[in-house]
Amino acid sequence: MRLLLQIGLVAVGSALGGLARWGVGAWAARLLGTAFPWGTLFINVSGSLFVGWFSTVVSERLISGSGWLRPDDLRLMIAVGFTGSYTTFSTFEYEAHGLLRDGDGLLGMTYLFGSVFLGLLAVRLGMVLAQAR
């Protein structure tokens, strides 16, 4: 029974993360155009910020209770399901390849290094925000 609950939690989180990814990507494309993968960059950075914040809150602030939804279950639903579906690393790699393949080395490298650096910075910022009292 426990395994079925965990499968359901990951599935619900994944469905919501996928919908959020689609919505944010469409919004960014309408707002900023599609010449540069702004949507994927924003999704990866905001997902990194969120997972840093969320993981810190779950591990440092939530007390393990006896309710039906334990901190580990919440982590499964949100960090694994939602954030795993929301962030777009494989899309990021594909888009970076496309920029480099099309001969736009500067834009491709900016996208690669910007995503990695800003994503790491966002994880750290999420952790700091979660620890702020």
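Along the sequence shown, the residues carry numbers beginning at 1. Side-chain atoms are counted along with the backbone in the values below, which use heavy atoms only and exclude waters and symmetry mates. No experiment lies behind these values; they were computed from the predicted model shown.
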Looking at [atom1] of [X] and [atom2] of [Y], how far apart are the two atoms once the value is rounded to the nearest 0.5 Å?
X: Leu120; Y: Leu125; atom1: CG; atom2: CG; result: 11.5 Å
X: Ile43; Y: Trp27; atom1: CD1; atom2: CH2; result: 10.0 Å
X: Thr83; Y: Leu16; atom1: OG1; atom2: CG; result: 11.0 Å
X: Leu49; Y: Phe42; atom1: CG; atom2: CZ; result: 9.0 Å
X: Ile78; Y: Ser55; atom1: CD1; atom2: OG; result: 11.0 Å
X: Met109; Y: Leu100; atom1: CE; atom2: CG; result: 6.5 Å

Indicate the atoms forming the closest heavy-atom contact of [X] with [Y], along with that distance.
X: Val51; Y: Ala79; value: CG2-CB, 4.3 Å
X: Gly119; Y: Ser48; value: O-CB, 3.2 Å
X: Gly114; Y: Leu41; value: C-CD1, 4.3 Å
X: Leu112; Y: Ala96; value: CD2-CB, 3.7 Å
X: Gly18; Y: Ser85; value: N-OG, 2.9 Å
X: Gly52; Y: Thr56; value: O-OG1, 2.8 Å

Side chain to side chain, Leu5 and Met77, heavy atoms closer than 4.5 Å
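No, side chains not in contact.
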
Is Gln6 close to Val10 at the side-chain level, that is, under 4.5 Å between some pair of heavy atoms?
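A side-chain contact is absent here, since even the closest heavy-atom pair is not under 4.5 Å.
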
Apply the side chain to side chain contact (heavy atoms under 4.5 Å, CB included) test between Thr87 and each candidate in Asn44, Thr40, Val45; give the one that qualifies.
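Result: among Asn44, Thr40, Val45, Asn44 is the only option passing the side chain to side chain contact (heavy atoms under 4.5 Å, CB included) with Thr87.
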
Under 6.0 Å between the ring centres of Tyr86 and Phe82?
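When the ring centroids of Tyr86 and Phe82 are compared, they turn out to be within the sub-6.0 Å range.
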
Would [X] end up clustered with [Y] when hydrophobic side chains under 4.5 Å apart are linked, directly or stepwise?
X: Leu107; Y: Phe117; answer: yes
X: Tyr94; Y: Phe36; answer: no
X: Val80; Y: Val12; answer: no
X: Leu74; Y: Met127; answer: no
X: Trp53; Y: Val123; answer: no

Show me the pairs that pass salt bridge (charged side-chain N to carboxylate O under 4.0 Å, His left out) and involve residues 6-34, at least two apart or across chains.
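Non-adjacent pairs meeting salt bridge (charged side-chain N to carboxylate O under 4.0 Å, His left out): zero.
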
Can you tell me how the ring of Phe50 sits relative to the ring of Phe54, calling it parallel under 30°, perpendicular over 60° and tilted otherwise?
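Aromatic pair Phe50/Phe54 classed parallel.
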
Only pairs at least two apart or in different chains count here, so list each side chain to side chain donor-acceptor pair (under 3.5 Å) that has a residue in residues 110-131.
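Qualifying pairs: Glu60-Gln131, Glu95-Tyr111.
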
Contacts of Asp104 that satisfy salt bridge (Lys or Arg N to Asp or Glu O under 4.0 Å) - sequence neighbours left out
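If we apply the salt bridge (Lys or Arg N to Asp or Glu O under 4.0 Å) test to Asp104, skipping adjacent residues, there are no hits.
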
